[in-house]
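This one's a predicted model, so the numbers in the text were calculated from it and none came from an experiment. Computation of the quantities below employed the complete heavy-atom set of this structure, encompassing side-chain atoms and omitting hydrogens, waters and symmetry-equivalent molecules. The chain is numbered in sequence order, starting from 1.
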Amino acid sequence: QAQLVESGGGLVQAGGSLRLSCAASGRTFSSNAMGWFRRAPGKEREFVAAISASGTTTRYPDYVKGRFTISRDNAKNTVYLQMNSLKSEDTALYYCASVTTPLTTTQAIRYNYWGQGTQVTVSS
């Protein structure tokens, strides 16, 4: 069973940047696609980014495209989310998730394992 631990959240001013990390345990990391999701207070969880097992395919929703970049280092069992040009509406609890398939998916229900989340707060 995979365990995921996020880090890198914090308080940042609008326009600033943060880099989130998600460290995964287990020997199947390089076979699994990974994703980032977020949940803001009073809102539903939403998709932020996904990356295939090989790292060659990434997917983003329009509201982060061009600002966020997902990447992974399979040698370190770690996936990253670089967030630039942050806006107050990016404030949320950010989760990483793992799915036991090499292909990307944007659907939260398909992900098998989830981390506990890391808080990102963007002040305006």
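There is no path of hydrophobic side-chain contacts, each under 4.5 Å, that joins W114 to V79. Under a hydrophobic-cluster definition in which Ile, Leu, Val, Met, Phe, Trp and Tyr are linked whenever side-chain heavy atoms come within less than 4.5 Å, directly or via other members, M83 and L93 are assigned to different clusters. Both V12 and V48 are part of a single hydrophobic cluster, where members link through side-chain heavy atoms under 4.5 Å apart. Taken together through direct or relayed side-chain contacts under 4.5 Å among Ile, Leu, Val, Met, Phe, Trp and Tyr, L20 and V64 form part of one hydrophobic cluster. Residues V99 and I70 do not share a hydrophobic cluster, clusters being chains of Ile/Leu/Val/Met/Phe/Trp/Tyr side chains in contact below 4.5 Å.
Considering all non-hydrogen atoms of both residues, L4 and S98 come closest at CD1-N, 3.7 Å. Of all non-hydrogen atoms in A50 and Y111, the two that sit nearest each other are CB-OH, 3.7 Å. Considering every non-hydrogen atom in both C22 and M34, the closest pair reads SG-CE, 4.3 Å. Of all heavy-atom pairs spanning A24 and F29, the tightest one is CB-CD1, 3.4 Å.
Between the side chain of E6 and the backbone N or O of C96 there is at least one donor-acceptor pair closer than 3.5 Å. No donor-acceptor distance shorter than 3.5 angstrom exists from the side chain of T105 to the backbone of R110, with no hydrogens or angles considered. Judged by distance alone, the side chain of S52 and the main-chain N or O of T57 form a donor-acceptor pair under 3.5 Å. Panel note: side chain N77, backbone G26; a donor-acceptor pair is recorded below 3.5 Å.
Summarising the geometry, atom OG1 belonging to T69 is positioned 8.0 Å from atom CG belonging to L81; distances are rounded to the nearest 0.5 Å. Summarising the geometry, atom OG1 belonging to T100 is positioned 3.5 Å from atom CG belonging to N112; distances are rounded to the nearest 0.5 Å.
Looking at E46 and R38, a side-chain N of the basic residue comes within less than 4.0 Å of a carboxylate O on the acidic one, giving a salt bridge. The pair D90-K87 fails the salt-bridge criterion, with no side-chain N (NZ, NE, NH1 or NH2) lying under 4.0 Å from an Asp/Glu carboxylate O.
The cationic group of R39 does not satisfy the cation-pi geometry with Y94, failing either the under 6.0 Å distance to the six-membered ring centre or the 45° limit from the ring axis. The side-chain tip of R45 does not point at the ring of W36 from less than 6.0 angstrom away and within 45° of straight on.
For the residue pair T78 and D73, no side-chain donor N or O sits within less than 3.5 Å of a side-chain acceptor on the partner. Side-chain N/O atoms of S17 and N84 include a donor and acceptor closer than 3.5 Å.
Within the 4.5 Å cutoff, the side chain of T106 has heavy atoms near those of the R59 side chain.
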Would you check, one step at a time, whether the test side chain to side chain contact (heavy atoms under 4.5 Å, CB included) holds for I51 with T56?
CA-CA 7 Å; I51 188 166; T56 56; over 6 Å; no
Test log, rule side chain to side chain contact (heavy atoms under 4.5 Å, CB included), inputs R19 and Y80
CA-CA 7 Å; R19 189 194 196 201; Y80 306 96; 3.6 Å; yes
I'd like to know whether T91 forms a side chain to side chain contact (heavy atoms under 4.5 Å, CB included) with V120, so could you lay out the CA-CA distance, the side-chain angles of the two residues, the decisive distance to 0.1 Å, and finally the verdict.
CA-CA 5 Å; T91 294; V120 172; 5.9 Å; no
Are L18 and L86 close enough, and set up right, to give a side chain to side chain contact (heavy atoms under 4.5 Å, CB included), and what steps lead you there?
CA-CA 8 Å; L18 280 176; L86 283 162; 4.2 Å; yes
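In this structure, E89 places its CD atom where more than 12 heavy-atom neighbours from other residues, nucleotides or ligands lie under 6.0 Å away. The number of heavy atoms from other shown groups lying within 6.0 Å of CD (Q119) is above 12.
Under the rule for a ring pair (Phe, Tyr, Trp, His ring centres under 6.0 Å), the partners of F47 that lie at least two apart in sequence or sit in another chain are F37.
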